[in-house]
Amino acid sequence: MDTTREGPVPPTNAAPVDAVGAPLEKVPPTIPAPVTSGGEHQQGRAWLWRLVNYGLLAVLAAVMVADTAPEVNGVAAVAMMLVLLGMKVPIAVCMIAPGALALVFIYEWDTVTTILGELPYEETASWSLSVVPMFIFMGMMLWRSGITTKLFFAMSLVFNRVPASLAVGTNVAGGGLAAVSGSTVGVTYALARIGIPEMLRAGYDKRLTLSAVLMSGLSGQLIPPSVLLVIYAGVASVPVGPQLLAGVVPGVLLVVCQALALILLGVAAPKLLGGREKVRERRMEIAQIPIATKVRAVIACWPVPIIILVVLGGMFSGFLTETEAGALGALLSLILTLWTHRRAAFKEVKIAVVEAAVASSAVFFMLMAAGLMSLVLADSGLATALATWVTDANFSRVGFLLVMFAVYLVLGAVGETLVAMLLTVPILLPLFPVLGIDPLWFGVFAVLCVELGMITPPVGTLSYIVHSIVQDKEVSLGQKITLKDIFTGVGWLLPVSVVVVLILIAFPGLATWLPSSGG
């Protein structure tokens, strides 16, 4: 046996991702297009669907034009937004167009022009929101530095003696990557290309392999830096720093619970790991690797703890603001990329700067749109009416949150997490004082719920991304992997994440303790 082998080495590095997790390099489509016959018939149905949507928009616009109560205008604006979303119109436009139209019939024209002129500045000119481009740039630089490969390799060695060691290592590596990238899709994409072939090669059941990879990315938007939590903070008008800190403990809890579940599966069903003999062979193989090689593998991951210490430690201690912590983290990631690539460093930095600017602009545009829709809901009286209805219906805090858990699962399963957040948060904000819900806590709850929706059928985005990746024979090692395999694997570990949500509801202090303890 070759004792110089350094353990599992993935075939390729992970593709970089943007602010909301979309890979920057060309990847397979998220959801495969259905194969159908009768193209003309399908085209006719598409035109019919468009006509229906246009008709609905016309009816809703007519409702606004009619001399109706402000609450009716608010309802019509929300309905128009949903129709536009169904027509695949960009999220920000879906909010701005009906929001501006509703304001025209609520206020005088001069007032509307004043509001639209001041709103962009009011919603984005915030020092705390300047952390957004810092976090995005930091994540892009780190993806290009190759830290994904090093972290996966190191974790596979560190957890060698643990049952289901590769699956546990993948899960912990996902938590580590979440703490330096803030992208669920990015973490999942990277670990899928690296971890799936290694686990299949080791004899792991393909369903367990897929489940471990999918679950590893769920903490991506909980453990800072998290773009979704920053966006939530902007929409909910809560401090960004405390909101980011609120996701730390729940994110770590999620990683720990999933790791424990993988260990229990490994102990209870060794056949999922290829059988006891296969497990022993792998442990013997890792044992042959020199201690010095293992130490070097762990040391090679030094950027991860350093950046975590800078970002989280700086914010928690009060020594750095969230923007200063993000800027310092971005600087460290830039230095790391320059050191790693050297000759190609200028090209990598240029790509990261351009993509960070584009992604940041998109985020701020959506914040402006959400601010406009929040204004419509407030000024139309719809938000107040909803709060009154909830009060009169005697909803309990737990009952309301269980309903929202189901709603977010559905929204996350059939759409994008960002859409789910921007659709619901402006409407729900007035209800928090009535139900005794801390806005900081709810941000963590909402993000975790919609993230779970991304892996659940029928349209779990992450599940389809992984399904596309495993069609590459270099990733699947020639094995046939179907969507049924993916959703079966998800079903094994999804209850663990549901338990974490219930724990979070029962013990809200898990999210609010760290922000209240920070300097």
Side-chain angles (χ1 to χ4, degrees), residues 19-20 74 78 81 91-92 95-96 99 119-132 135 182 221-222 224-248 250-251 315 321-323 363-380 382-384 386-387 390 397 400-401 403-405 407-408 411-412 416-451 504-505 508 510-516 518:
V20 292
V78 173
M81 176 182 64
I91 303 170
M95 293 186 170
I96 291 175
L119 187 70
Y121 178 82
E122 293 175 351
E123 292 297 326
T124 60
S126 169
W127 175 250
S128 60
L129 289 179
S130 60
V131 72
V132 171
F135 280 169
Q221 289 293 348
L222 289 177
S226 167
V227 176
L228 270 186
L229 283 178
V230 173
I231 293 175
Y232 170 85
V235 175
S237 299
V238 296
V240 173
Q243 184 63 72
L244 289 170
L245 290 176
V248 174
M315 288 192 298
T321 66
E322 58 272 9
T323 300
V363 168
F364 284 118
F365 193 34
M366 285 185 285
L367 284 174
M368 288 186 287
L372 178 60
M373 185 55 67
S374 298
L375 183 64
V376 170
L377 294 174
D379 291 354
S380 67
L382 184 61
T384 303
L386 181 62
V390 170
R397 172 184 172 274
F400 172 78
L401 292 174
V403 170
M404 288 310 304
F405 177 40
V407 170
Y408 276 132
L411 290 176
E416 298 292 336
T417 55
L418 190 56
V419 175
M421 294 281 290
L422 295 178
L423 276 177
T424 57
V425 172
I427 299 175
L428 298 177
L429 279 175
L431 304 180
F432 295 166
V434 176
L435 296 169
I437 297 174
D438 189 322
L440 287 177
W441 178 89
F442 189 83
V444 177
F445 168 79
V447 168
L448 176 55
C449 291
V450 295
E451 290 289 282
L504 194 59
I505 293 175
L510 290 173
T512 58
W513 167 74
L514 195 58
S516 62

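Just so it is clear, the model here is predicted, and its values are computed rather than measured.
Here the closest heavy-atom approach between residue Val425 and residue Ala236 is recorded as CG1-CB, 4.4 Å. Across Val238 and Pro439, no two heavy atoms sit closer than the pair CG1-CB, 3.8 Å. Counting all heavy atoms, side chain and backbone alike, Leu440 lies closest to Pro239 at CD2-O, 4.3 Å.
Residue Leu222 holds its CG atom at 9.5 Å from CG of Leu228, rounded to the nearest 0.5 Å. For the atom pair CG (Leu504) and SG (Cys449), the distance works out to 8.0 Å, reported to the nearest 0.5 Å. Rounded to the nearest 0.5 Å, atoms CE (Met404) and CZ (Phe445) are 7.0 Å apart. Note that the CE atom of Met315 and the OG1 atom of Thr323 stand 10.0 Å from one another [nearest 0.5 Å]. Residue Phe442 holds its CZ atom at 7.0 Å from CG of Leu401, rounded to the nearest 0.5 Å. In this structure, Phe364 CZ and Ile231 CD1 are separated by 9.5 Å, a value rounded to the nearest 0.5 Å.
Inter-residue side-chain proximity for Phe400 and Leu428 is flagged as met; some heavy-atom pair is nearer than 4.5 Å. Side-chain atoms of Met95 and Pro426, non-hydrogen and from C-beta on, never get closer than 4.5 Å to each other.
A donor atom on one side chain and an acceptor atom on the other are not found under 3.5 Å apart for Ser226 and Tyr232.
In this structure, Trp441 contributes its side chain and Ala246 its backbone to no donor-acceptor pair below 3.5 Å. No donor-acceptor distance shorter than 3.5 angstrom exists from the side chain of Gln243 to the backbone of Ala233, with no hydrogens or angles considered.
Each of Val444, Leu245, Asp438 was scored for a side chain to side chain contact (heavy atoms under 4.5 Å, CB included) with Thr512, with one residue passing: Asp438.
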